[in-house]
Amino acid sequence: IDGESIEKPAQDITFRGLTFRFTTWLRPGTDLGLPDAQNNVMRENFHAVGQAVGDFESIGDGAALRGRYARAITIERCRFLNLGGMGIAFGAGASGLRITGNTFHDIAATGIQIGDYLRWEDPKSENYVMPADKRLLLADNQITNNFLDRCAVEFRSAVPIAISFPRDTVISHNEVY
C-alpha cells in the first residue's frame with residue numbers, strides 16, 4: 001500500500017475479513033548467518049561481504065501487508081497466520097491507521113511494525129525523528145483489540161507490536177500471548 005509520495009499518499013482503503021497466510025521471506029544468503037540484533041532489526045557488517053565499510057542496520061522487509069506514504073488505512077478483523085516475516089509493516093508517512101480486531105498467529109518476526117528507524121538521526125531522511133514535513137510523522141494511529149499469539153518465533157528479538165517515534169498513537173486492549 002505505497003502512496004506515490006507524501007504529496008500523493010495511498011489513502012482511504014479498508015481491508016476487512018481477509019486472511020493473509022503462508023508467506024515467506026528469504027533473505028539473500030551470506031556467510032554471516034542471521035544478525036538479528038533487536039526488535040527485528042538486521043545488523044550486518046557489509047565490509048565482511050565486500051559491499052561497504054561499516055555497520056548497517058535495517059528492519060526486515062518481508063511483511064504480508066506493508067505500506068508507506070499511507071493515510072486512513074483500516075485493517076479490521078483480518079487474520080495473519082503462519083507468516084515467514086512480519087504481519088503488518090508501515091513506514092514513513094503512515095497516519096490515521098486503524099488496526100483493529102485482527103488475529104496474528106505463528107509470525108516469524110514482528111506482528112505489527114509501524115515506522116523504520118533507519119537513519120532516524122539524519123535530518124535528510126524520511127525516517128528522521130523530527131521531520132520538517134509533518135506529514136512524514138507516524139501520527140494518529142490506533143492498534144486496538146487485536147490478538148497476537150506466537151509472534152517472533154524465528155526472529156527471536158522481535159516483538160508483537162513495535163512503533164518507532166509515534167505521535168498521538170493509541171495501543172490498547174490487545175491480547176498478547
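Computed from a prediction, not measured in an experiment: that's the story for all the values here. Residue numbers count from 1 along this sequence.
V153 and M86 end up in different hydrophobic clusters when Ile, Leu, Val, Met, Phe, Trp and Tyr side chains are linked at under 4.5 Å. Under a hydrophobic-cluster definition in which Ile, Leu, Val, Met, Phe, Trp and Tyr are linked whenever side-chain heavy atoms come within less than 4.5 Å, directly or via other members, L97 and I13 are assigned to the same cluster. With hydrophobic clusters built from ILVMFWY side chains whose heavy atoms lie under 4.5 angstrom apart, L81 does not share a cluster with F20. Residues I112 and V176 fall within the same hydrophobic cluster, defined by Ile, Leu, Val, Met, Phe, Trp and Tyr side chains chained together at heavy-atom separations under 4.5 Å. Both I73 and I171 belong to a common hydrophobic cluster when Ile, Leu, Val, Met, Phe, Trp and Tyr are linked at side-chain heavy-atom distances under 4.5 angstrom.
You'll find the side chain of N141 stays beyond 4.5 Å of the side chain of I99, heavy atoms only. You'll find the side chain of E154 stays beyond 4.5 Å of the side chain of L83, heavy atoms only. Between P160 and T110 there is no side-chain heavy-atom pair separated by less than 4.5 Å. At least one side-chain heavy atom of F80 sits under 4.5 Å from a side-chain heavy atom of I75.
Note that the CD atom of Q142 and the CG atom of D168 stand 11.0 Å from one another [nearest 0.5 Å]. In this structure, T103 OG1 and E175 CD are separated by 10.0 Å, a value rounded to the nearest 0.5 Å. Rounding to the nearest 0.5 Å gives a distance of 10.5 Å between CZ of F90 and OG of S95. Of the inter-residue distances, the one linking L18 atom CG with R77 atom CZ reads 11.0 Å to the nearest 0.5 angstrom.
The minimum heavy-atom distance linking L138 with T169 is given by the pair O-OG1, 4.0 Å. Closest approach of A109 to A158, counting heavy atoms only: C-CB, 3.7 Å. In terms of heavy atoms, P131 sits closest to L137 at CD-CD2, 3.6 Å. Residue G111 comes nearest to F104 through the heavy atom pair O-CE2, 3.5 Å, listed as atom of the first residue, atom of the second, then distance.
The pair R71-D12 fails the salt-bridge criterion, with no side-chain N (NZ, NE, NH1 or NH2) lying under 4.0 Å from an Asp/Glu carboxylate O. Salt-bridge annotation for D106 and R150: present, with a side-chain N of the basic residue lying under 4.0 Å from a carboxylate O of the acidic one.
Between the side chain of Q113 and the backbone N or O of G115 there is at least one donor-acceptor pair closer than 3.5 Å. The backbone N or O of N174 lies less than 3.5 Å from no partner atom in the side chain of N146, so there is not a single donor-acceptor pair. Between the N102 side chain and the C78 main chain, a donor and an acceptor come within less than 3.5 Å of each other.
Of the N and O atoms on the side chains of T74 and E76, not one donor lies less than 3.5 Å from an acceptor on the other residue. If you check the side chains of E126 and Y69, you find a donor sitting under 3.5 Å from an acceptor. Side-chain N/O atoms of T144 and T100 include a donor and acceptor closer than 3.5 Å.
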Going through the checks in order, is the side chain to side chain contact (heavy atoms under 4.5 Å, CB included) test met by I143 and I163?
-> CA-CA 10 Å; I143 300 172; I163 302 181; 3.8 Å; yes
Under the side-chain hydrogen bond (donor to acceptor under 3.5 Å, both in side chains) rule, what do T19 and R79 come out as? Steps first, then yes or no, please.
-> CA-CA 5 Å; T19 298; R79 297 180 332 144; 3.2 Å; yes
Intermediate values then yes/no, side-chain hydrogen bond (donor to acceptor under 3.5 Å, both in side chains), H105 and D149 | CA-CA 5 Å; H105 173 74; D149 170 46; 2.5 Å; yes
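More than 12 heavy atoms of other shown residues, nucleotides or ligands fall within 6.0 angstrom of atom CZ in R21.
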